[in-house]
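Please read the structure below before turning to the comments.
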Amino acid sequence: MTLDACLKEAEALPEWQIIDRDGIMKLTRRFTFSDFAQALAFTQRVGDLAEEANHHPKITTQWGETRVTWWSHDKGGLCHDDFTLAARTDEVAE
């Protein structure tokens, strides 16, 4: 996807940021929780979502915080599926 197309898709996901890591566009968001157990439970829900979609993000979990980063490894950047899965990640956070 082009940057313009990514920015258009990102309009529906205001809490997510498009970042560039080594020339690869990725979609990332930080989620906060009141303790480690809640962050870990959320991480598991995102993992279940990823397995169901057969599309796997980078997930970093620590006390009270989980960061999720979506991108398509095989496409070398972002595609429509990444934005769809980011929206579904928001849903499992609720």
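Not measured: the values here are computed from a predicted model.
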Could you check V68 against F42 for side-chain contact (heavy atoms from CB on, under 4.5 Å), going step by step and ending with a plain yes or no?
-> CA-CA 10 Å; V68 180; F42 170 70; 4.0 Å; yes
Taking the inter-plane angle between the rings of H55 and W70 on a 0 to 90° scale, is it parallel (under 30°), tilted (30 to 60°) or perpendicular (over 60°)?
-> parallel
Is it the case that one hydrophobic cluster holds both I59 and L40, taking links as side-chain heavy atoms less than 4.5 Å apart, direct or via other members?
->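 Different clusters: I59 never reaches L40 through Ile, Leu, Val, Met, Phe, Trp or Tyr contacts under 4.5 Å.
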According to a 4.5 Å side-chain heavy-atom criterion applied to Ile, Leu, Val, Met, Phe, Trp and Tyr, with indirect links allowed, do W16 and I19 form part of one hydrophobic cluster?
->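 W16 and I19: separate clusters.
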Value rounded to 0.5 Å, distance of [atom1] in [X] from [atom2] in [Y]:
| X | Y | atom1 | atom2 | value |
| --- | --- | --- | --- | --- |
| E9 | D4 | CD | CG | 12.5 Å |
| R67 | T32 | CZ | OG1 | 11.0 Å |
| Q17 | R29 | CD | CZ | 10.5 Å |
| H56 | L49 | NE2 | CG | 9.5 Å |
| H80 | L85 | NE2 | CG | 9.5 Å |
| R45 | D48 | CZ | CG | 9.5 Å |

Going by atom types alone, do S72 and D82 pair a side-chain donor with an acceptor below 3.5 Å?
-> yes
Answer yes or no: does atom CG of D74 have more than 12 heavy-atom neighbours from other residues, nucleotides or ligands under 6.0 Å?
-> yes
Please name the pair of heavy atoms, one in [X] and one in [Y], separated by the smallest distance, quoted to 0.1 Å.
| X | Y | answer |
| --- | --- | --- |
| I24 | G76 | CG2-O, 3.6 Å |
| M25 | M1 | CE-O, 3.5 Å |
| L27 | A86 | CD2-CB, 3.6 Å |
| A39 | T66 | O-OG1, 3.3 Å |

Contacts of type side-chain contact (heavy atoms from CB on, under 4.5 Å), residue [X], not counting sequence neighbours:
| X | result |
| --- | --- |
| D35 | A37, Q38, W63 |
| A87 | L13 |
| K58 | T60, T69, W71 |

Is the shortest side-chain N to carboxylate O distance from R88 to E52 below 4.0 Å?
->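 Looking at R88 and E52, the cut-off is met.
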Taking only Lys NZ, Arg NE, NH1 and NH2, and the carboxylate oxygens of Asp or Glu, determine whether K26 and D20 approach each other closer than 4.0 Å.
->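 D20 and K26: not salt-bridged.
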Criterion side-chain contact (heavy atoms from CB on, under 4.5 Å) on D90 and F31, from CA distance to verdict = CA-CA 9 Å; D90 286 346; F31 296 85; 3.6 Å; yes
What do the steps show when you test T61 against F36 for side-chain contact (heavy atoms from CB on, under 4.5 Å), and what is the final call?
-> CA-CA 8 Å; T61 302; F36 184 75; 4.0 Å; yes
Given V92 and V46, is the side-chain contact (heavy atoms from CB on, under 4.5 Å) satisfied, shown in steps?
-> CA-CA 7 Å; V92 301; V46 175; 4.1 Å; yes
